[in-house]
Amino acid sequence: MSDNRPLASSPFSRRLFLGGAAAASAAALGACGSNHGSGSSQGAGGKTAIQQWYHQYGESGTQQAAKRYAAEYKDAAVTVQWIPGDYDTKLTSGLAGSSGPDAFEYHLSRALVTSNEVVELTDLIADVKDDYSDADLGSCTVDGKIYAIPMIDDPQLIFYKKSLLEAKGISSIETLDDLVSAAKELTTKDVKGLFSGNTANNDGGALVGPVIYSTGGRYLTQDMKIGFDTGLVADALLKLRQLGTDKSLLLGAPTDWTDPGSIQNGLCAMQWIGMWAVPTMSKAIEDLGVMPFPKAAPNGQPSVASGGWSAMVSAKSKHIDEAKAFTKWLWVDNTKDQEDWSLSYGFHIPPRKSLAAKATKLQSGVAATCVQLNADHGVQNDPNWTPAMGTALTDAVTRIVGKGADPEKELAAAVKKINTELQKF
């Protein structure tokens, strides 16, 4: 389910790899309404009124489905707020003020926990904890406590038109060098080799996270240290810069990378996008193929950015118990609607292992390949990667890839800022 914003390392903003929520005035949420904080506490029939917030998904039918789920719940009057535009900023503002949600979807970060903006939800999944993967639970856990319930898993990969690669004699893309070479070879006056986002200055955009993973690194280690080799990442970023120098990247497309329009309309031969778009891409492209981001260092490995969304409860809610009960009903107990949400409006992997195992729509074709690549190479969100860390790295990458700055110097400065943040833990 696309959200029309850059990938978060949220830490992923679909799915953000490097971004973070920015502060904004609470007034920006005035149009969204409020049923908690200073708002009404009663809904229809005298039931407790609670708000559930979603970002604006791009797939047809998603808003209607979210409202239908809410209407099915009998123990509270649930109002769905469908938030268009900059969800990060609006949610940050709402959680900081008194006009935010009771229940909401987002990507867990340590900052949400340390600022007391979310409540612990460990008890909600105690009975079914073993039905989630360690990776999914890890992305929802801070200091051993669970603060979010996984809703969907969204692998992001490189999709391509097989016939275009075959016409150029490109049989495989195993390394980042191969990808740069293939993108250049596939570029013509009408078609660009690769689309990874409408980044005005070729700063790498959503590919930065996969580059780090494909060098063999991670944002952070389990013992809270820098998790990547700056030398290897510097070399890989120079290769990303080459994509721009070669004019192999599609920029200024009608829709951004989260929408499949560019590859479907023949504007590019390869596109970085999520598995959510497989149904529409498969209908439009008979020879659709998919591959992970290729390894970016000699001892690296392919990677899949395994993003997704999770359900949380605001600590500012005046109805925390009711919001927790609703969240448990929808995202833990209600497997029927969880299956519908994952498979009826685009393709996503259900976080519950029992649901994923019987998801027949994901057991053939390109979808099945995505599932397998995610199992083999998927890297989940790290909740300890804070917005400040993301900003430090994003700014450095923008200067390296988009402005020709020295990669070693820029990454060293970014690492220094990240270590300052880590010391706060």
Side-chain angles (χ1 to χ4, degrees), residues 6-13 15-23 88 107-115 138-139 142-143 176 196-197 199 201-244 293-303 305-307 379-425:
L7 240 201
S9 89
S10 292
F12 300 130
S13 247
R15 297 175 205 324
L16 286 163
F17 271 104
L18 299 172
D88 283 339
H107 320 279
L108 181 66
S109 70
R110 176 175 287 272
L112 289 172
V113 176
T114 57
S115 60
S139 70
V142 171
D143 295 336
L176 183 52
S196 60
T199 308
N201 58 359
N202 299 328
D203 68 3
L207 298 183
V208 180
V211 162
I212 289 176
Y213 307 149
S214 292
T215 63
R218 297 294 184 265
Y219 284 113
L220 299 172
T221 63
Q222 291 185 346
D223 57 350
M224 299 292 193
K225 296 179 181 178
I226 299 293
F228 53 89
D229 182 298
T230 55
L232 294 178
V233 172
D235 290 342
L237 291 176
L238 289 177
K239 295 171 184 177
L240 280 194
R241 182 193 293 176
Q242 189 64 42
L243 284 168
F293 192 85
K295 68 177 184 178
N299 294 321
Q301 63 276 314
S303 68
S306 188
V379 181
Q380 265 283 7
N381 301 0
D382 186 342
N384 293 306
W385 183 256
T386 68
M389 295 176 192
T391 297
L393 188 54
T394 301
D395 290 348
V397 170
T398 297
R399 290 188 288 267
I400 294 166
V401 179
K403 300 180 180 180
D406 178 80
E408 294 281 2
K409 180 179 178 181
E410 292 290 342
L411 287 175
V415 164
K416 184 177 180 180
K417 293 177 181 178
I418 294 168
N419 279 328
T420 299
E421 286 296 306
L422 286 172
Q423 289 173 11
K424 298 177 181 178
F425 291 174

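Quick caveat: nothing in here was measured; it's all calculated off a predicted structure.
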Provide the full list of side chain to side chain donor-acceptor pair (under 3.5 Å) pairs with a residue in residues 228-238, sequence neighbours left out, each pair given once.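 For residues 228-238, and leaving out neighbouring residues, there are no side chain to side chain donor-acceptor pair (under 3.5 Å) pairs at all.
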Would a 4.5 Å heavy-atom cut-off, applied to side chains only, mark [X] and [Y] as touching?
X: Met389; Y: Leu220; answer: yes
X: Thr386; Y: Phe425; answer: yes
X: Val397; Y: Leu237; answer: yes
X: Trp385; Y: Ile418; answer: yes
X: Val379; Y: Ile212; answer: no
X: Tyr213; Y: Arg218; answer: yes
X: Val208; Y: Val211; answer: no

For [X] and [Y], work out which heavy atoms get closest and say how close.
X: Ala405; Y: Arg241; answer: O-NH2, 2.8 Å
X: Ala392; Y: Ala414; answer: O-CB, 3.7 Å
X: Gly307; Y: Gln380; answer: O-NE2, 4.3 Å
X: Ser303; Y: Pro210; answer: OG-O, 3.3 Å
X: Phe293; Y: Ser214; answer: CD2-OG, 3.3 Å
X: Val142; Y: Leu108; answer: CG2-CD2, 4.0 Å

Check the surroundings of atom NZ in Lys417: do more than 12 heavy atoms from other residues, nucleotides or ligands lie under 6.0 Å from it?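 Atom NZ in Lys417 is not crowded, with 12 or fewer foreign heavy atoms closer than 6.0 Å.
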Partners passing side chain to side chain contact (heavy atoms under 4.5 Å, CB included) against [X] (at least two apart in sequence or in another chain):
X: Thr215; result: Leu232, Val233, Ala236, Ala296, Ala297
X: Lys416; result: none
X: Asp143; result: Arg110

Residues which pass salt bridge (Lys or Arg N to Asp or Glu O under 4.0 Å) with Lys409, listed by chain and number, not counting sequence neighbours: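 Listed in chain order: nothing, the list is empty.
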Among residues at least two apart in sequence or on other chains, which ones pass salt bridge (Lys or Arg N to Asp or Glu O under 4.0 Å) with Asp406?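 If we apply the salt bridge (Lys or Arg N to Asp or Glu O under 4.0 Å) test to Asp406, skipping adjacent residues, there are no hits.
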How long is the gap from [atom1] on [X] to [atom2] on [Y], to the nearest 0.5 Å?
X: Leu207; Y: Lys239; atom1: CG; atom2: NZ; result: 14.5 Å
X: Leu422; Y: Asp223; atom1: CG; atom2: CG; result: 10.0 Å
X: Leu393; Y: Thr398; atom1: CG; atom2: OG1; result: 9.0 Å

Determine, step by step, whether Val401 and Leu243 satisfy the side chain to side chain contact (heavy atoms under 4.5 Å, CB included) criterion, reporting the C-alpha distance in whole Å, the side-chain angles of both residues, the deciding distance to 0.1 Å, and the verdict. CA-CA 9 Å; Val401 179; Leu243 284 168; over 6 Å; no
